[in-house]
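One structure is given here, and the rest of the page talks about it.
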Amino acid sequence: AANWTYTGPDGEQHWSKSYPYCGGIFQSPIDIKPELLRFDPSLRPIEVQNYNLSPNEQLTLGNNGHSVQISLPSTMYISSLPNRYTAAQLHFHWGSASRPAGSEHLVNSKQSAAEMHIVHFNSDRYPNIASAVDKSDGLAVLGVLIDIGEFNPAFDQFLRFINGVKYRDQKVQVPAFNIRALMPARLDEYFRYDGSLTTPPCYPSVLWTLFRNPVTISRKQFLALATSLYSSHAQESTPVPLNSNFRKPQPTDSRVVLVSFKE
Ligand SMILES: NS(=O)(=O)c1c(F)c(F)c(S(=O)(=O)CCO)c(N[C@H]2CCCc3ccccc32)c1F
Ligand SMILES: [Zn+2]
C-alpha cells in the first residue's frame with residue numbers, strides 16, 4: 001500500500017484513495033467545542049492496572065516513520081471499561097520547532113504542543129490488536145495533551161534515548177518505567193467520544209478518552225521530540241525530518257462528546 005505522509009502527494013487529503021475509511025464516518029481527531037459537550041454522570045474515573053513497570057523490565061522504543069512509539073507489555077490494561085482493554089503501544093504527535101503546536105485533538109480550537117496516545121485493544125473479545133483494529137468495539141485510546149512548561153522527568157525516561165531511533169525502523173531497548181507518570185494526576189476528568197484511528201487505515205474502531213488536564217514538558221524536551229527524528233531510513237540520501245505528524249480536525253457530523261466533569 002502507498003506509504004502515507006502528512007504532507008505532499010501522499011498527504012492526508014489523499015489518504016482515502018488507498019484507505020477508504022479515511023474518507024468515512026466517525027473520523028478522529030476532532031475540535032472539541034462547547035456546543036458538542038454533554039455531561040454524563042455515569043462516566044467513571046479511568047482506572048489503569050500495572051502501569052507502574054519495573055526498571056528490571058525493558059521496553060522497545062521505536063521510530064516507525066510516522067511517530068516514536070513505545071511497545072507496552074500485555075500486563076497493562078484499563079479496568080474501568082465494560083470490557084478489559086489491554087495496552088499495546090504508546091506514541092506521540094507533535095508540531096515543529098518553528099510551530100510548537102501539534103496536538104491532534106483541539107479543545108475549543110486550542111491546539112497543544114503535542115499529544116500522547118496510549119493504544120489498547122479489547123482483550124475480552126479479540127486475541128490480539130490485529131484482529132481488534134477494525135472492530136467497532138476493538139480499541140480504546142487514552143489521549144493526553146502536552147503543553148510546554150515545567151520540565152517533566154517522566155518523559156526523560158525515554159527522551160534520553162531518542163537519538164538511538166533517529167531513523168525509520170530503528171529500535172532500542174530502554175529500561176521500563178512508570179507509564180502512569182506520563183499521565184495527568186486526575187483521570188476522572190475527561191472527554192469521551194466514538195472515533196477512529198487518526199492514521200491510515202482510519203478504522204472507526206476507537207473509543208476515545210481525552211483527559212481534560214494537559215501535562216507539561218520543557219521547551220528543551222519538546223525540541224528533542226520535534227527535531228531529533230526522521231521519517232526516512234538511515235541510508236536514504238535525503239533525510240526527511242519527522243515533525244508536524246498530526247491529522248487535521250475531522251467533521252464532527254452529529255456526534256456528541258460526553259464529559260465526565262461539570263465545571
Ligand atoms: N493516533 S492513533 O490512531 O492512536 C495511531 C497512530 F497515530 C499511529 F501512528 C499508529 S502506528 O504507530 O501503529 C502507525 C500506523 O498505524 C497507531 N497504531 C495502532 C493502530 C494500527 C495497528 C496497531 C498495531 C499495534 C499497535 C498499535 C496499532 C495508532 F493507533
Ligand atoms: Zn495517535
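Just so you know, ligand 1 is whichever comes first in the structure, and atom 1 is the first atom listed for that ligand.
Shown in contact with Val133 at under 4.0 Å from a heavy atom are these atoms of ligand 1, numbered in order with element: 20 (C), 21 (C), 22 (C). Proximity to Val119 (heavy-atom distance under 4.0 Å) selects the following atoms of ligand 1: 4 (O), 30 (F). Applying the 4.0 Å criterion to heavy atoms of Gln69 picks out, from ligand 1, the atoms 12 (O). Listed by atom number, the atoms of ligand 1 under 4.0 Å from Glu104 heavy atoms are 1 (N). Listed by atom number, the atoms of ligand 1 under 4.0 Å from His117 heavy atoms are 1 (N), 4 (O). Close contacts of ligand 1 with His93, meaning ligand atoms under 4.0 Å from a residue heavy atom, involve 1 (N), 7 (F).
Of all protein N/O/S atoms, those under 2.8 Å from the Zn ion (ligand 2) are His91 NE2, His93 NE2, His117 ND1, and waters are not counted.
Judged by distance alone, with hydrogens and angles left aside, the side-chain atoms of Arg186 form no donor-acceptor pair with the main-chain N or O of Asp188 at under 3.5 Å. Using modelled atom types, one side-chain atom of His120 and one backbone atom of Ala140 make a donor-acceptor pair closer than 3.5 Å.
Side-chain atoms of Ser205 and Asp134 form no donor-acceptor pair, as typed in the model, at a separation below 3.5 Å. With no hydrogens or angles considered, a side-chain donor-acceptor pair links Thr60 and Gln173 at under 3.5 Å. No side-chain N or O of Asp10 forms a donor-acceptor pair with one of Thr5 less than 3.5 Å apart. A donor atom on one side chain and an acceptor atom on the other are found under 3.5 Å apart for Trp208 and Ser28. Residues Thr209 and Arg192 have side chains that bring a donor and an acceptor to within less than 3.5 angstrom of each other.
By the 3.5 Å distance cut-off applied to N or O atoms, Ser67 is not counted among the residues near ligand 1. For the pair Ser196 and ligand 1, the shortest N or O to N or O distance does not fall below 3.5 Å.
Residue Val107 is not grouped with residue Met183 when hydrophobic side chains (ILVMFWY) are merged at heavy-atom distances under 4.5 angstrom, including chains of intermediate members. Tyr126 and Val141 are members of different hydrophobic clusters when ILVMFWY side chains are connected at heavy-atom separations under 4.5 Å.
Atom CZ of Arg160 has more than 12 neighbouring heavy atoms from other residues, nucleotides or ligands inside a 6.0 Å radius. In Phe26, the CZ atom is not crowded: 12 or fewer heavy atoms of neighbouring residues, nucleotides or ligands sit closer than 6.0 Å.
Counting only heavy atoms of the protein, atom 6 (C) of ligand 1 lies nearest to His91 NE2, 3.3 Å. With hydrogens left out, the protein atom closest to atom 16 (O) of ligand 1 is Thr199 OG1, 3.6 Å, a heavy atom. Remark: minimum distance from atom 13 (O) of ligand 1 to any protein heavy atom is reached at Gln89 NE2, 3.6 Å. Scanning all protein heavy atoms for the shortest distance to atom 23 (C) of ligand 1 gives Ile129 CD1, 4.0 Å.
At a heavy-atom distance under 4.0 Å, only side-chain atoms of Asn64, from C-beta outward, approach ligand 1.
When each of Leu53, Asn50, Val48 is tested with Arg180 by the rule side chain to side chain contact (heavy atoms under 4.5 Å, CB included), just one qualifies, namely Val48.
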